[in-house]
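In this text the structure is predicted, and so the values were computed from the model without any measurement.
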Amino acid sequence: MGGAASHETTGPLEEDTTKMVVSLQPKGKSLGVLLVSSTLHGTRIKSFVSGEEAERSKRLAVGDVITHINSQAVQGACQASDLIKAAITQQRGIDIALIRKAKIEVLLTKPSPGAVLGLTLTSRAGTCIVTAIEAGSLSALSGLITLGCEVRAINGSFECTTNALAACDALRRATQAVKLIIAHSSLQNEQLQAFTEAQTSDVRI
């Protein structure tokens with residue numbers, strides 16, 4: 001199954017959004033997404049199936065609004081699911097055009113003070129960028145953090161996100177609740193891969 005479908009009613013999209021296309025090459029029989037029809041905006045991603053392609057890609061996020069699949073406009077969750085299934089059956093790649101909130105708040109709760117969040121961060125031009133997300137980690141399970149996104153604040157502090165070392169130190173000091181403000185990236189797959197491979201100063205937390 002490409003993606004399960006259900007229905008919800010939502011309010012207007014936030015004005016602060018970004019548009020992008022995510023390209024995936026499913027290797028199994030499922031993409032592993034739960035899709036929700038919205039009466040106003042088509043189709044939203046509600047959650048991921050652990051271990052499936054959508055989660056492993058680290059490129060999709062919970063709350064993403066899907067507008068097109070392989071250049072075909074999407075009107076609802078059932079149609080989106082059918083398009084995904086057809087592409088998988090035909091062993092085709094899946095190009096997903098989507099709208100995403102440009103900046104969101106993510107709350108992670110550590111089960112213990114020393115718990116690992118599963119993020120790899122790197123510094124870029126005075127900002128802190130996510131370059132890897134460990135499968136099954138707290139960050140991955142949130143469904144909200146994607147590769148290439150920028151960490152803007154940690155527990156209300158903006159100063160600690162100007163470089164990866166300072167950000168990781170702040171994340172380690174947090175004993176339980178970790179509140180992140182992140183800005184999603186609009187980098188395409190090839191751009192993100194090139195940027196990630198070029199980094200030599202990654203810090204893991």
Side-chain angles (χ1 to χ4, degrees), residues 13-24 44-45 47-48 50-51 53-65 96 98-205:
L13 282 173
E14 297 289 337
E15 291 183 3
D16 187 16
T17 59
T18 184
K19 296 180 180 180
M20 65 185 70
V21 177
V22 174
S23 298
L24 301 175
R44 290 179 184 267
I45 295 178
S47 63
F48 301 113
S50 179
E53 179 68 23
E55 183 193 52
R56 293 198 307 269
S57 75
K58 308 297 189 298
R59 295 290 282 139
L60 298 172
V62 170
D64 284 349
V65 176
I96 302 175
L98 56 87
I99 300 172
R100 174 180 294 167
K101 287 185 179 180
K103 187 167 65 175
I104 64 170
E105 180 179 293
V106 179
L107 181 63
L108 305 175
T109 303
K110 292 184 176 181
S112 62
V116 175
L117 297 180
L119 290 177
T120 299
L121 306 176
T122 194
S123 304
R124 183 182 70 171
T127 61
C128 189
I129 306 297
V130 175
T131 53
I133 304 170
E134 183 180 343
S137 66
L138 290 173
S139 298
L141 293 175
S142 75
L144 295 170
I145 302 174
T146 58
L147 290 179
C149 70
E150 177 185 331
V151 180
R152 293 282 184 85
I154 299 172
N155 287 341
S157 171
F158 295 87
E159 291 78 8
C160 65
T161 60
T162 56
N163 68 78
L165 286 173
C168 284
D169 185 54
L171 291 170
R172 291 190 182 102
R173 290 200 309 270
T175 57
Q176 187 173 22
V178 179
K179 185 168 69 174
L180 306 175
I181 301 296
I182 63 172
H184 282 296
S185 169
S186 59
L187 293 175
Q188 300 304 309
N189 292 34
E190 296 80 5
Q191 295 172 308
L192 179 61
Q193 183 177 359
F195 170 74
T196 301
E197 290 175 350
Q199 302 312 306
T200 59
S201 58
D202 289 342
V203 183
R204 294 176 175 82
I205 179 62

Practice item. May I have the step-by-step check of side-chain contact (heavy atoms from CB on, under 4.5 Å) for Met20 and Leu98, ending in yes or no? Key: CA-CA 6 Å; Met20 65 185 70; Leu98 56 87; 3.4 Å; yes
Working to the nearest 0.5 Å, report the span between [atom1] of [X] and [atom2] of [Y].
{"X": "Ile145", "Y": "Ile133", "atom1": "CD1", "atom2": "CD1", "value": "6.5 Å"}
{"X": "Ile45", "Y": "Arg100", "atom1": "CD1", "atom2": "CZ", "value": "7.5 Å"}
{"X": "Leu165", "Y": "Cys128", "atom1": "CG", "atom2": "SG", "value": "9.0 Å"}
{"X": "Cys149", "Y": "Leu180", "atom1": "SG", "atom2": "CG", "value": "8.5 Å"}
{"X": "Lys110", "Y": "Leu171", "atom1": "NZ", "atom2": "CG", "value": "6.5 Å"}
{"X": "Ile104", "Y": "Asp16", "atom1": "CD1", "atom2": "CG", "value": "11.5 Å"}

Review point. Any side-chain heavy-atom pair from Cys168 and Leu121 closer than 4.5 angstrom?
Key: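 Side chain of Cys168 against side chain of Leu121, heavy atoms only: contact under 4.5 Å found.
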Review point. Are any non-hydrogen side-chain atoms of Thr109 and Gln176 less than 4.5 angstrom apart?
Key: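 Result yes, sub-4.5 Å side-chain heavy-atom pair found.
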Under 3.5 Å: donor-acceptor pair, side chain of [X], backbone of [Y]:
{"X": "Ser139", "Y": "Leu117", "value": "yes"}
{"X": "Thr161", "Y": "Arg152", "value": "yes"}
{"X": "Ser123", "Y": "Ala164", "value": "yes"}
{"X": "Thr162", "Y": "Glu159", "value": "yes"}
{"X": "Arg56", "Y": "Gly51", "value": "yes"}

Exercise for review: Determine the minimum heavy-atom distance between Phe48 and Gly143, stating which atoms define it.
Suggested key: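 The answer is CE1-O, 3.9 Å.
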Exercise for review: Work out which heavy atom in Leu138 is nearest to a heavy atom in Pro111; give both atom names and the distance.
Suggested key: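 Smallest heavy-atom distance, with atoms named: CD1-CD, 3.9 Å.
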Exercise for review: Under the side chain to side chain contact (heavy atoms under 4.5 Å, CB included) rule, collect the residues that match up with Ala135, sequence neighbours excluded.
Suggested key: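 Testing Ala135 for side chain to side chain contact (heavy atoms under 4.5 Å, CB included), a comparison that skips the adjacent residues, returns Lys58.
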Check your understanding: Where do Thr18 and Ile99 land on the side-chain contact (heavy atoms from CB on, under 4.5 Å) test, with the steps shown first?
Key -> CA-CA 6 Å; Thr18 184; Ile99 300 172; over 6 Å; no
Review point. Between Thr146 and Val130, is a side-chain contact (heavy atoms from CB on, under 4.5 Å) present by the stated rule, with each step listed?
Key: CA-CA 7 Å; Thr146 58; Val130 175; over 6 Å; no
**Study point:** Worked check of side-chain contact (heavy atoms from CB on, under 4.5 Å) between Cys160 and Asp169
**Key:** CA-CA 8 Å; Cys160 65; Asp169 185 54; over 6 Å; no
Exercise for review: Taking side-chain hydrogen bond (donor to acceptor under 3.5 Å, both in side chains) as the test, write out the residues that go with Ser57, two or more places apart.
Suggested key: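 So Ser57 forms no side-chain hydrogen bond (donor to acceptor under 3.5 Å, both in side chains) with any residue.
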